[in-house]
Amino acid sequence: MSTTTGTLPGKFSVLEPWVEDWALASRPERYAKRLTKTIDELGEFYDAIAPLAEEAIAYLDTFEVNDLPEAETRLLHLLYSMIMVSYPVNIFKQPRIPDSGAAFFNATVEPAI
Amino acid sequence: MSSIEKLATGRAKYTLDYPELGTGPVSYEDSISEEFYQAEHEAIFRRTWLKVGRVEQLPRNGTFFTREFRGLGSIVISRHTDGEVYALHNVCAHRGNKVVWQEHPGEESKGSARQFQCKYHGWRYGLDGRCSYVTKRDQFFDSLPDDELGMPQLRCEVLAGFIFVNFSQDAPTLRDFLGEKLVTELEAWPFEKFTNHWGFKTLIKGNWKIGIDALLEWYHPAYVHGRFLNADMSKAEKLVPPMDSYHYDLFAPHMLTSVPGPPPLKKRTQSVGPAQRDQDWVYRLFRGGIFGPDDLPEDIDYLTPERNPGNIQYWSNDQYWLFPNLSIQLWHRGYYITYQYIPESVGTHSYEVDIYFPEPKNVTERLGQELVVDSTIEFAMQDTNTVEATWSALNNRAQGTFHLSDMELMIRQFHHVVREAVAAHQAGKEK
């Protein structure tokens with residue numbers, strides 16, 4: 001395992017500035033964060049993580065999915081957040097889903113990991 | 001000719017196969033009338049099997065959860081010490097207090113318990129509803145029927161792991177109600193292996209049938225969801241399969257549609273290349289999208305001969321509609337989704353979306369699931385906003401009738417079946 005000086009696995013330390021906002025454990029937190037950001041801010045996060053995403057997935061695949069250490073779990077949460085911002089950045093060009101009005105879904109159940 | 005155009009079969013219009021439906025304009029008075037809502041409640045919801053959950057929510061003896069159904073009541077679903085699933089009216093035999101709740105009596109709850117204890121005067125019940133202890137019994141009278149005291153049981157049956165209840169004692173059994181075809185085709189899917197579960201719930205300002213209508217046709221995707229497909233509408237239209245490529249089976253009161261979709265990506269053998277602001281790149285990176293994950297679970301044995309009964313090309317999923325308010329979608333790419341619409345008033349319903357995958361074997365599989373869930377919910381939120389817009393417009397009665405194409409035959413059928421059920425119940429009462 002790589003040594004960790006920050007909160008992420010060492011070779012992904014360039015993503016440290018994004019941990020506070022985007023290493024969020026639950027989908028409702030990630031969706032709420034998305035709505036607090038401008039589309040430019042979402043784009044900056046996307047552009048920071050996307051070039052590292054493929055390597056991060058390959059790295060995380062060397063661990064047991066149900067037994068990820070803390071730093072690796074944070075990295076996984078960042079990838080979940082990349083998915084959360086991908087539709088706004090690539091398609092909607094705005095944080096909200098177009099024509100979603102007041103629609104909001106409460107998450108009642110989600111996996112522990 | 002694009003590959004999607006090749007899915008066209010050239011078959012004649014589907015609606016003509018069901019002459020009882022006609023082809024004329026329809027009224028949506030059934031979706032805005034308070035009087036019809038009350039009649040529908042009595043004729044359908046008080047005497048039809050309703051899904052209330054799944055057996056995975058009751059993993060051990062002594063576990064329970066509650067459901068709050070406005071207009072029908074609060075019920076407790078439990079697994080008793082005998083291992084059986086029970087559904088109980090959530091009401092104390094003493095003075096009618098709600099027995100099972102935490103903090104807020106109007107909110108649903110879950111947990112495990114050896115017994116339920118009423119918060120009012122401490123009466124206790126087994127998880128089968130039988131009253132096991134009356135506090136200060138000696139202060140009551142000989143008229144207290146100790147052996148008969150209990151939280152009243154509702155009829156409760158389980159099929160393919162789905163728990164159903166029925167508020168009527170006279171209804172046919174669940175299996176008779178669903179029929180052999182539906183029972184066989186549902187039981188062929190190994191639901192118990194799909195335990196990685198996401199659940200979503202929202203309250204929609206619109207009649208429950210208008211909510212269901214939004215998922216009953218393949219006319220809207222290029223318009224409501226156009227931007228997901230292509231910013232250019234004429235290109236988006238070409239990405240929706242032709243109308244004659246679907247399969248429909250309207251076995252009243254239930255129905256089935258089978259839907260085509262793109263084949264999964266090939267196994268990953270090389271890099272997806274430099275990062276791009278392009279959702280297709282994201283789909284390739286995370287190996288998933290609105291039609292499911294690209295890496296199919298091969299060890300789960302869910303692709304049985306019962307799937308794709310209409311034998312359509314590029315089969316993506318079978319969407320079963322269980323009357324009155326439940327859709328179960330079984331997907332080729334190895335997951336299933338349920339959609340349920342629970343009326344709360346003529347103009348509101350609770351909308352529940354539940355998505356179930358097998359347990360992921362690695363991070364790649366887990367991320368594919370995340371992308372599928374995210375895509376499904378982004379689409380669903382657009383649909384619900386359209387439902388609210390439709391209902392608010394319908395409700396002023398500026399237009400009296402509406403026009404349904406062949407693409408909307410399931411909407412025609414669904415409203416027809418609801419009206420028939422109400423009429424049959426009312427005719428029975430008049431006899």
Side-chain angles (χ1 to χ4, degrees), chain A residues 26-28 30-31 34 42-43 46-66 68 72-73 75-94 96-113, chain B residues 57 108 195-205 224-229 231 271-283 285-288 351-354 357 359-367 369-371 373-375 377-389:
Chain A
S26 75
R27 196 178 189 285
R30 296 190 288 272
Y31 187 65
R34 166 172 139 185
L42 298 182
Y46 180 91
D47 290 343
I49 191 170
L52 293 169
E54 191 169 19
E55 193 185 351
I57 296 166
Y59 170 76
L60 291 175
D61 269 340
T62 64
F63 291 83
E64 178 63 38
V65 63
N66 290 312
L68 290 175
E72 281 68 20
T73 301
L75 183 60
L76 180 63
H77 290 163
L78 287 181
L79 291 169
Y80 291 162
S81 287
M82 177 183 164
I83 290 171
M84 174 59 74
V85 306
S86 65
Y87 279 105
V89 169
N90 293 326
I91 297 185
F92 306 153
K93 315 298 181 198
Q94 60 182 54
R96 290 194 70 88
I97 302 160
D99 294 329
S100 67
F104 186 80
F105 281 47
N106 294 308
T108 54
V109 185
E110 67 176 329
I113 293 154
Chain B
Q57 292 169 261
E108 295 181 345
T195 51
N196 212 33
H197 174 201
W198 280 259
F200 299 90
K201 183 173 184 171
T202 189
L203 187 71
I204 308 271
K205 294 189 214 64
V224 173
H225 311 303
R227 280 196 238 192
F228 284 88
L229 306 168
S271 167
V272 292
Q276 297 172 37
R277 280 200 180 186
D278 174 353
Q279 199 65 6
D280 286 336
W281 182 83
V282 171
Y283 295 152
L285 174 69
F286 290 111
R287 302 192 60 76
Y351 181 39
E352 299 182 7
V353 182
D354 290 272
F357 292 90
E359 296 298 323
K361 289 192 285 294
N362 51 46
V363 164
T364 290
E365 284 189 8
R366 176 61 186 78
L367 284 164
Q369 296 177 359
E370 187 73 19
L371 183 55
V373 169
D374 193 66
S375 304
I377 293 304
E378 307 267 2
F379 273 70
M381 281 210 245
Q382 280 188 325
D383 283 323
T384 62
N385 197 45
T386 305
V387 169
E388 295 195 345

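Chain letters run A, B, ... following the sequence lines, proteins first and then strands; every chain starts at 1. As the structure is a computational prediction, the values presented were derived from the model and not from experiment.
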K.L.:
Please answer whether the main-chain N or O of V272(B) pairs with a side-chain N or O of E54(A) as donor and acceptor at a distance below 3.5 Å.
P.N.:
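Yes; at least one donor-acceptor contact below 3.5 Å.
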K.L.:
Give the member of E388(B), Q276(B), E352(B) that has the highest number of heavy-atom pairs under 4.5 Å with chain A.
P.N.:
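Most heavy-atom pairs within the cutoff with chain A belong to Q276(B).
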K.L.:
Just to verify, what does D61(A) make a side-chain hydrogen bond (donor to acceptor under 3.5 Å, both in side chains) with, not counting sequence neighbours?
P.N.:
T364(B)
K.L.:
Could you go through residues 79-90 of chain A and list every donor-acceptor pair under 3.5 Å that involves a side-chain atom there, pairing it with any protein atom two or more places apart or in another chain?
P.N.:
unit_1, atom_1, unit_2, atom_2, d
Y80(A), OH, R366(B), NE, 3.1
Y80(A), OH, R366(B), NH2, 3.2
S81(A), OG, W22(A), O, 2.7
S81(A), OG, H77(A), O, 3.4
S86(A), OG, I83(A), O, 2.8
S86(A), OG, Q279(B), NE2, 3.0
Y87(A), OH, Y283(B), OH, 3.0
Y87(A), OH, S375(B), OG, 2.5
N90(A), OD1, D278(B), N, 3.1
N90(A), ND2, Y46(A), OH, 3.2
N90(A), ND2, S86(A), O, 3.4
N90(A), ND2, Q279(B), OE1, 2.9

K.L.:
Under 4.5 Å from any heavy atom of chain A, what part of F357(B) do you find: side chain, backbone, both or neither?
P.N.:
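No part of it gets close to chain A.
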K.L.:
Go through the atoms of A389(B) and report whether side chain, backbone, both or neither lie under 4.5 Å from a heavy atom of chain A.
P.N.:
neither
K.L.:
Any idea which of I91(A), I97(A), V109(A) has the most non-hydrogen atom pairs under 4.5 angstrom with chain B?
P.N.:
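The answer is V109(A).
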K.L.:
About how many Å separate CD of Q369(B) and CZ of R287(B), when rounded to the nearest 0.5 Å?
P.N.:
14.0 Å
K.L.:
Taking side chain as everything from C-beta outward and backbone as N, CA, C, O, which of these in V282(B) sits under 4.5 Å from a heavy atom of chain A? Side chain, backbone, both or neither.
P.N.:
side chain
K.L.:
Is it the backbone or the side chain of F92(A) that comes under 4.5 Å from a heavy atom of chain B, or both, or neither?
P.N.:
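Interface part for F92(A): both.
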K.L.:
If only atom types and distance count, is the side chain of T62(A) paired as donor or acceptor with the main-chain N or O of A58(A) below 3.5 Å?
P.N.:
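Side chain of T62(A) to backbone of A58(A): no pair is present.
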K.L.:
Considering only heavy atoms, which portion of T195(B) lies under 4.5 Å from any heavy atom of chain A: side chain, backbone, both, or neither?
P.N.:
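Contact with chain A is absent: no heavy atom of T195(B) under 4.5 Å.
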K.L.:
So, the side chain of E72(A) versus the backbone of L68(A): is there a donor-acceptor pair under 3.5 Å, distance only?
P.N.:
no
K.L.:
Could you have a look at D374(B), T384(B), V224(B) and say which one has the most heavy-atom pairs with chain A under 4.5 angstrom?
P.N.:
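Of the candidates given, the most pairs with chain A belong to D374(B).
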K.L.:
Contact part of R30(A) toward chain B, heavy-atom cut-off under 4.5 Å: side chain, backbone, both or neither?
P.N.:
side chain
K.L.:
Below 4.5 Å, heavy-atom pairs only: which of P274(B), S271(B), A380(B), P360(B) has the largest tally toward chain A?
P.N.:
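Greatest number of close heavy-atom pairs with chain A: S271(B).
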K.L.:
Nearest 0.5 Å, what's the CD1-CG distance between I57(A) and L52(A)?
P.N.:
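Reported value, rounded in 0.5 Å steps: 11.0 Å.
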